[in-house]
Amino acid sequence: MMDMKLQIFAEPVLPKNTETPEMNFETEAFINITPAASGEPSWKSLAALTKNMSQSLNEVLYQASYYDGKGWGSTEVTGGQMTLTLTGDVMPEDEACAWLMSEEVMYKFGNARKTHLKIQKGTKIIIWPVTLANITPAYGDAGTVNSLTVTIHGNGQPVIGTAE
């Protein structure tokens, strides 16, 4: 009879899994479709029509060179204005889309283009007074979906808080 030795192998160390990056769909934008009404805003989600959301703070820079810098300059951020560009598809049955493309908003100027934007991720909320600009249905090729672009410009400083 052959002498068999039992070999015991140690279980390998469990490898660390990768960390999931922040997912864009976790952030949702809402528009107040009753800005002229007094009382509570009527927040409607922009998620059904939005495929891409791009934010910029359009920072104002003060740049200067001083003699003691021997020609090298420095920069201070002295202000900014938030802009949020949404691109997506025209969804005629969606309340937010229908409001954006209504005659009262798309084909009017001044106060007709002013409302509020709410951006929410988890419990964090940012609310901005905004002006809607460049509301643009693209139309285009007959066999494609009608796309929509709107640029939302912040008016002043936002209010930042948390959801209840």
Exercise. At their closest point, which heavy atom of Ser65 faces which heavy atom of Gly73, and how far apart are they?
Worked result: OG-CA, 3.5 Å
For this session: Please tell me if the side chains of Leu84 and Ile119 come closer than 4.5 Å, counting only heavy atoms from C-beta onward.
Result: yes
Exercise. Is the closest side-chain heavy-atom distance between Trp99 and Lys44 below 4.5 Å?
Worked result: no
Exercise. Are any of the side-chain heavy atoms of Met82 and Pro158 separated by less than 4.5 Å?
Worked result: no
For this session: Would you check, one step at a time, whether the test side-chain contact (heavy atoms from CB on, under 4.5 Å) holds for Cys97 with Val90?
Result: CA-CA 7 Å; Cys97 186; Val90 174; 4.1 Å; yes
Exercise. Distance-only, no hydrogens or angles: does the Gln81 side chain make a donor-acceptor pair with backbone N or O of Gly154 under 3.5 Å?
Worked result: yes
Exercise. Is Leu86 reachable from Trp43 through a run of hydrophobic residues whose side-chain heavy atoms are each under 4.5 Å from the next?
Worked result: no
For this session: For the residue pair Ile125 and Ile160, establish whether any side-chain heavy-atom pair is separated by less than 4.5 Å.
Result: no
For this session: Treating Ile, Leu, Val, Met, Phe, Trp and Tyr as nodes and any side-chain heavy-atom pair under 4.5 angstrom as an edge, say whether Ile152 and Leu57 lie in one connected cluster.
Result: yes
Exercise. Would you say Phe30 and Leu117 are hydrophobically clustered, going by side-chain heavy atoms of ILVMFWY under 4.5 Å?
Worked result: no
Exercise. Rounded to the nearest 0.5 Å, what separation is found between the CG atom of Leu61 and the OG1 atom of Thr75?
Worked result: 6.0 Å
For this session: Determine yes or no for a side-chain-to-main-chain donor-acceptor pair under 3.5 angstrom, with Asp89 supplying the side chain and Ser147 the backbone.
Result: no
Exercise. Roughly how far, to the nearest 0.5 Å, is CG of Leu132 from NE2 of His153?
Worked result: 9.0 Å
Exercise. Between Pro35 and Lys114, is any pair of side-chain heavy atoms under 4.5 Å apart?
Worked result: no
Problem set entry | Distance, nearest 0.5 Å, that separates OG1 of Thr136 from CG of Leu148 | 7.5 Å
Exercise. Shortest non-hydrogen contact from Ala98 to Pro92?
Worked result: CB-O, 4.0 Å
Problem set entry | Pairwise side-chain hydrogen bond (donor to acceptor under 3.5 Å, both in side chains) hits with a residue in residues 9-26, at least two apart | Glu26-Lys121
Problem set entry | Flag if over 12 foreign heavy atoms under 6.0 Å of CD, Glu103 | no
Exercise. Is Ile135 linked to Tyr107 within one hydrophobic cluster, defined over Ile, Leu, Val, Met, Phe, Trp and Tyr using a side-chain heavy-atom separation of less than 4.5 Å?
Worked result: yes
Problem set entry | Separation between CD of Gln55 and CD1 of Ile126, rounded to the nearest 0.5 Å | 7.0 Å
Exercise. Under the side-chain contact (heavy atoms from CB on, under 4.5 Å) test, which residues partner Tyr66, sequence neighbours left out?
Worked result: Tyr62, Ala64, Asp68, Ser74
Problem set entry | Distance, nearest 0.5 Å, that separates CG of Leu46 from CG of Leu100 | 6.5 Å
Exercise. With no hydrogens and no angle check, is any side-chain donor or acceptor of Arg113 less than 3.5 Å from a backbone partner on Met106?
Worked result: yes
Problem set entry | Spacing of NE2 belonging to His116 relative to OG belonging to Ser42, to within rounding of 0.5 Å | 13.0 Å
Exercise. Is there a path from Trp128 to Ile33 through hydrophobic residues (I, L, V, M, F, W, Y) whose side chains come within less than 4.5 Å of each other?
Worked result: yes
For this session: Looking only at non-hydrogen atoms, find the nearest pair between Pro129 and Gln157 and report the distance.
Result: CD-O, 4.2 Å
Exercise. How far apart are the C-alpha atoms of Thr34 and Asn32, what are their side-chain angles, what is the distance that settles it, and do they pass the side-chain hydrogen bond (donor to acceptor under 3.5 Å, both in side chains) test?
Worked result: CA-CA 6 Å; Thr34 57; Asn32 177 12; 3.3 Å; yes
Problem set entry | Side chain proximity check, Thr85 to Thr149, heavy atoms < 4.5 angstrom | yes
Exercise. Asp94 side chain to Ala96 main-chain N or O, any donor-acceptor pair under 3.5 Å?
Worked result: yes
Exercise. Would a distance-only check, ignoring hydrogens and angles, find a side-chain to backbone donor-acceptor pair under 3.5 Å from Asn146 to Ala138?
Worked result: yes
